[in-house]
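Data block below; observations after.
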Amino acid sequence: MNVKVLGPGCANCKRLAANTQEALKQLGLEALVTKIEDYAEIAKYNVMSTPALVIDEKVLMTGKVPSVSELAEIISKGKVQKPQGGCCSGSGCC
Amino acid sequence: MTLNLKKIGLATAALILWFAFYRSLAPFAAWVTYSVLGLGQGSRLGGAVEFFLYDTPKVLMLLTIVVFVVGIIRSFFTPERTRQILAGKSEYIGNILAALLGTVTPFCSCSAVPLFIGFVTAGIPLGVTFSFLISAPMVNEVALVLLYGLFGWKVAALYLGTGLSIAIVSGWVIGRLKLEKHVEAWVYEIKSSGQQGDGAIPQLSWEARLQAGKDSVREIVGKVWPYVIGGIAIGAAIHGYVPEDFMASIMGKQAWWSVPLAVLIGVPMYSNAAGIIPVVQALLGKGAALGTVLAFMMAVIALSLPEMIILRKVLKPRLIAIFISIVSLGILFVGYLFNWLL
């Protein structure tokens, strides 16, 4: 799993990275959390409010710092949603 | 359904309680100051203590309820939705809408750059983007609450009206000046992946919206309360100890240079509205002119050094300088206008 925290390196971005790490641990998932601080890189995800959470190149959350338990829910939902329908179940578009 | 009724009942009770408390703050402050603490009526210390005991809970109570309501309103807006509304609008309407949306779209200055890129790459004109960027920090709920609480609704309305006008006009002027070449070139080269771009109204239950209101109270009031108390404490000291008309010679109407000076001092200062307004109110009581005081406040909260440093990533120095100059001119104009009108 590929986990990214987008944000210019402000206090909120650090908090989000820490909470995400904690949430992943609670879910028993092994993943490296990378911080993306470059604006050009952030802009590629079309994110307009930082910090944002991106898992496997999918933007799951923007503009706030959820608590560890909220994040755990976002992460597990984001993971479950993927196989059901959506563009990735078909062929070609991803 | 019964659960909802119970919740509505609770909310109504809370509101009534809030109102009852709010109404009894003034007599309570007077009672504590003069009866419990035994300070003399009309004494300097008495005046300062009463001012502090009355204004602190008043402002904090107002702030809590307004931030809660604004938090709920904001849950209907996202930067993505604002972008969609603004995309493809003509210049004038775009500037007006951008200034209005700047007041309700969730925005923090750390996100100024991603937002700027998001707007510009979606084809929103530079001037319209600036109308948003000027209005968002300047016309904010904390400033409005403090102005309402400490000066009354007229000053709050004046601030809202002139703040929006400055955002609209400055953005329009920047648009007319055709400054696109002073935006860093890489901004225009970005090709976004296109995901996350929908401008739909965020689908949330009312429960989630109320939670959003609570969260913004926790976040905003939780952050500004020390500034409110500090600002009111300084204001209280000025209120009690600085002689009447002391400010008249420095910040009064007769001193024509007071407005530009207030703006010059205000621009590099970085303080949130919460700390600055109580001080400003106390100054006003000592003979400072309203226009001068409004100009000072706008300069402090609309133009801040950290935001300029952040925006430097996407704007060339020349454009930043033009941006600061145009907004400062607008603020100067407002300052003179009110000194002349009132």
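Naming: A, B, ... by sequence-line order, numbering from 1 per chain. Heavy-atom basis, side chains included; hydrogens, waters and symmetry copies ignored.
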Item checked: I93(B), CD1 atom: more than 12 neighbouring heavy atoms under 6.0 Å -> no
Next item on the list: Kindly indicate whether the side chain of M48(A), heavy atoms from C-beta on, has any atom under 4.5 Å from the side chain of T105(B).
Entry: no
Check: More than 12 non-hydrogen atoms from neighbouring residues, nucleotides or ligands closer than 6.0 Å to CZ on R312(B), yes or no?
Finding: yes
Item checked: Nearest atoms (heavy-atom pairs only) where S111(B) meets T50(A) -> OG-N, 3.0 Å
Next item on the list: Against chain A, label I117(B) side chain, backbone, both or neither, depending on which of its atoms sit under 4.5 Å from a heavy atom there.
Entry: side chain
Check: Can you name the nearest heavy-atom pair linking E80(B) to N46(A), along with the distance?
Finding: OE2-O, 4.4 Å
Check: Can you tell me if NZ on K313(B) sees more than 12 non-hydrogen neighbours from other groups inside 6.0 Å?
Finding: no
Notebook entry, point to check: What's the shortest heavy-atom distance between Y39(A) and P114(B), and which atoms?
Noted result: CE2-CD, 3.7 Å
Next item on the list: Measure distances from F116(B) to the heavy atoms of chain A and classify the residue's part below 4.5 Å as side chain, backbone, both or neither.
Entry: neither
Check: Rounded to the nearest 0.5 Å, how far apart are CG of N12(A) and CD of E219(B)?
Finding: 6.5 Å
